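Owing to the predicted nature of the structure, the values given are computational and were not obtained by experimental measurement. Note: hydrogens, waters and symmetry copies are ignored here, and every other heavy atom, side chains too, is used. Each chain gets a letter, A, B and so on, in the order its sequence line appears, and its residues count up from 1.
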Protein chains: 4
Amino acid sequence: MAMTGVLRPGHAVVRVLDLEESVDFYGRVMGLKETGRDKNGRVYFKCWDERDHNSFVIRKADRAGLDAFGFKVRDKATLEKLDSDLKAYGVATERMPAGEMLETGERVRFQVPTGHIIELYADKKDVGNGMPYVNPEAWTPDAEKGIAPIRMDHCLIYGGDIDGNRKIFEEVLGFSLVERVKLEDGVTDLATWLTCSTKAHDIAMVRHAEDGKLHHVSFLLDSWERVLRAADLMSMNRVSIDIGPTRHGVTRGTTIYFFDPSGNRMETFCGGYQWYPDMQPVTWTWDEVGAGVFYHDRKLNERFLSVVT
Amino acid sequence: MAMTGVLRPGHAVVRVLDLEESVDFYGRVMGLKETGRDKNGRVYFKCWDERDHNSFVIRKADRAGLDAFGFKVRDKATLEKLDSDLKAYGVATERMPAGEMLETGERVRFQVPTGHIIELYADKKDVGNGMPYVNPEAWTPDAEKGIAPIRMDHCLIYGGDIDGNRKIFEEVLGFSLVERVKLEDGVTDLATWLTCSTKAHDIAMVRHAEDGKLHHVSFLLDSWERVLRAADLMSMNRVSIDIGPTRHGVTRGTTIYFFDPSGNRMETFCGGYQWYPDMQPVTWTWDEVGAGVFYHDRKLNERFLSVVT
Amino acid sequence: MAMTGVLRPGHAVVRVLDLEESVDFYGRVMGLKETGRDKNGRVYFKCWDERDHNSFVIRKADRAGLDAFGFKVRDKATLEKLDSDLKAYGVATERMPAGEMLETGERVRFQVPTGHIIELYADKKDVGNGMPYVNPEAWTPDAEKGIAPIRMDHCLIYGGDIDGNRKIFEEVLGFSLVERVKLEDGVTDLATWLTCSTKAHDIAMVRHAEDGKLHHVSFLLDSWERVLRAADLMSMNRVSIDIGPTRHGVTRGTTIYFFDPSGNRMETFCGGYQWYPDMQPVTWTWDEVGAGVFYHDRKLNERFLSVVT
Amino acid sequence: MAMTGVLRPGHAVVRVLDLEESVDFYGRVMGLKETGRDKNGRVYFKCWDERDHNSFVIRKADRAGLDAFGFKVRDKATLEKLDSDLKAYGVATERMPAGEMLETGERVRFQVPTGHIIELYADKKDVGNGMPYVNPEAWTPDAEKGIAPIRMDHCLIYGGDIDGNRKIFEEVLGFSLVERVKLEDGVTDLATWLTCSTKAHDIAMVRHAEDGKLHHVSFLLDSWERVLRAADLMSMNRVSIDIGPTRHGVTRGTTIYFFDPSGNRMETFCGGYQWYPDMQPVTWTWDEVGAGVFYHDRKLNERFLSVVT
């Protein structure tokens, strides 16, 4: 049946240290299309194949990191219901008025146990992907401007009570567990990957001493050759690469982790299998966490568990 | 939100003229794994990365074609509800007992206006994809036995009243229109592509003088290089290729159309974008139907509208 | 040992029916870089990764086709020797002065038995590939302007006495036979592929009733995904595709054959194995010529033996 | 003109610590085909698409490393001439009789200034690549057994007097300089890449305190997707990966460096441009050596200059 409830990751709002440097990075190097700037100094971007006005927003601040991560929901009725369900669950919600973010409808805003701000909204203006709805071509020149990912795909957040997060996402927001990594005790989750759709993950979280941290925002590429191209462009633009091109055991997707000029980690992700609710979650044990995260090396690097913003 | 209702195409039951020749074709050349044979002479196959016992079933008959196309639904309650909804809509349904098809639960069976038999079921035995649910590898040697598609993906059926079909799929089964091709009058649909998920299509149909016809059953490959490999394997095995490797304008997916030994057309499909319910349907006008179907040639070949089983 | 003698295909001079239409086709769509125009109306192009000033030259004429195909040789001494050897063999040669073609040294020009004009030269100005000889990047933005092949790779010519051609190429110019297709008699060559290097072919010829005909000039792409991209760009630009993307059995290379606005056939070629002189020539028999030319379809299309300029 | 003189790397003879463990590694995991064992305990392998009997030979010893690296030359006359030229240059040569290595003709054996043993030979038995010389298919199932590289491609050796090496390779053996990396003084070569053909490199060397060391023997893959497949297979077989998949700035080729069970480093290499003698050598300065070796990271890892066998 068509998707209902929460549809997909809708926007990531990220703090950067230098606005114009970041505009150049996200615009020219990443190939996101700048779609607006608001009076609060936020700069809005969308990926070339997205239709909604924005999916990635930056604002200058003293410290890098993730301001908020928003999900698009099916419609206003869904927004109302989820707001109500969150409150019933005991989560305080706040309403951000339509237009507070450019071209975005009313937002329901709440904090999850790991300290992160999550938002839900039903409306964003459809500005199109550069192709008509009648007799479109397969892609446009925008697909080759910079790294040019297809869409903003998910994020990986770090914080303490990831179990508390998961309960909210599953029981209130209708997400499902796709994969998990266990700590050494074999019981406690080190990390969980959740979907609200058939994607291998729409959000993921890792248990971490500090709350409210961002591991990465992820952008989708649609082939392994586009991943190579992305790595080449990162090199040409002297972007600091954390790791990759390589593969994740979790989700099987191929990946590059890299850093924006402010030290926020970003990812280009490609692949991942299609998840359906009749699937069993996949579990990675502590001794194989290396393979789960970095499938080729089969070990974590020193930055995976420690470098966050 | 996780998928509800109808989840995905679950099984295609296809008539073949020579059973063992077809078993060799689907087993050895296509790389489907044979999982069983029943007392009615049906031979069951699954794709290597599917977990359910079967997704492709063949039986010997005097004429080729599609016996039935089945969709998996979320659970028994959904099955009951959809059966009831179909009846309420005026569609006569029939119940096939659990086990009538190997390792498959009870099926709700009905005929759509184009004469095709559609089935719904909630249960098929999980026989796995050869990998454990704990610390799995990225793929197995089965991924390189024959063409080895990931899953049975969709079918394209031909018949008269595709509008009647569409109403049932949309209004009763919860499918949505993704793309359509218009006839010369600019109003009547020549073809429609429908999804019950976020796939670019879970079923498609083309208006045709005769009812009950099969254009193709489609199998998913996950890269353009796997498409080349598939075409090479078809050549080595002297499989008759209809067209491809090429791209469809509709869904943007890359494709090879080819024929099984009985003349049934099959497809290896790769790609396609992710569909969400906030998207507008894409329309192809009659003058561009060529590009919609065969994007590189931008014209139909003589077989597309005429060769069916 | 480093290459000596004839190094590689150096320039193709092609007749077009409308100059500016062709400049747009070869410049914008093909992504060749225009490097000059001479007082004789010839327009010069190079591929982005070539260092020599030009490899593809067009001039307006009343009928399409190939004016001449030139090979670069190691140095002036080689040029002198080959001129002398050709004369000794009985081939009349003509000298074209340095600068007669832009940025090109003196050319030795002769006609082969199939009526085609072949040229040899030692010098073309090195204008570079856009990257320095110190600390170069892996590629430049020019690699994504239009189809952007890496280099002009070879041509396939049609004419009567391909055996006579072959003797000259082998005995005088130092080429070697890589692959051949036999006619029905099993003895006479229908087609031969010759190399002057380790490339699977530097020139190829097909026996044809008419002399002096061009089947195609070929441009090199370096991945199967670039082949898909090329086909997509051809579609977007309404380029007439003859066949492809597909594979050749001969050389194993992947290919698209397409037509320029004047009806000259061009090719994007990718792959092909490395040839060494200790290899045996590969032979295709008449009954398998289809697979040799179009490996997936395993049959010729109606245009392969008949449509030439 | 067809290759003359030295044609290509012909065999690498490598010392391993445990023979059967290494036979399993090179046979099953690498997918090399075992073609023989001799009375001296050497085990011979060839790559699936090579025609000569062997290109990779292992023998058990107390320490890992490279015994010898052999090049195939055009014919016996060339072998004689090169032997004579080496002696005239002052290099002592030794003759190994035909058959001393299985299915290999007489070898001329000499030591270069860096202490490595280099061999030249004209004959190895043509055992074929599994496909006939008449109407061959594009590849065989051997192309999917293990990593299955196409051929043994080159080696990278470490030693002191790489300048002395280069003089011999250039002046006596007809090799040419393709790329070089300079040390901090901007004058002394840290590393040089040499070709005897049109390959971006047939042998490479890095200046190192110790003589006679092996950095890696390299095997050719023909697509970036095959590189991913190789990395996946390495992971599945718990092979220790040094770095990759990534790209080299030098030659532009894509690569994975990994270790055999004895600690010998091996490489799967893909791509690289075609070199011609009218090209200028490419130079990498000391400050960019990182990009030259590991293009994406643009820095060396701690193992590149230190871990050798």
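- The number of heavy atoms from other shown groups lying within 6.0 Å of CZ (C:R63) does not exceed 12.
- Interface residue B:T254: only side-chain heavy atoms are found under 4.5 Å from chain C.
- Judged purely by atom type and a 3.5 angstrom limit, C:R298 uses its side chain to pair as donor or acceptor with the backbone of B:S235.
- Contacts with chain B were tallied for C:I256, C:L228, C:D297; C:L228 has the most, counting heavy-atom pairs under 4.5 Å.
- Atom NZ of C:K33 has 12 or fewer heavy atoms from other residues, nucleotides or ligands within 6.0 Å.
- Environment of NZ in B:K199: crowded, with over 12 heavy atoms of neighbouring residues, nucleotides or ligands closer than 6.0 Å.
- The greatest number of non-hydrogen atom pairs below 4.5 Å with chain B, out of C:K299, C:M236, C:E225, C:R247, is found for C:R247.
- Of all the heavy atoms in C:D232 and B:H296, the pair that sits closest is OD1-NE2, 2.8 Å.
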Exercise for review: Kindly indicate, with the supporting measurements, whether the criterion side-chain contact (heavy atoms from CB on, under 4.5 Å) is fulfilled by B:M234 and C:Y295.
Suggested key: CA-CA 10 Å; B:M234 290 178 201; C:Y295 183 67; over 6 Å; no
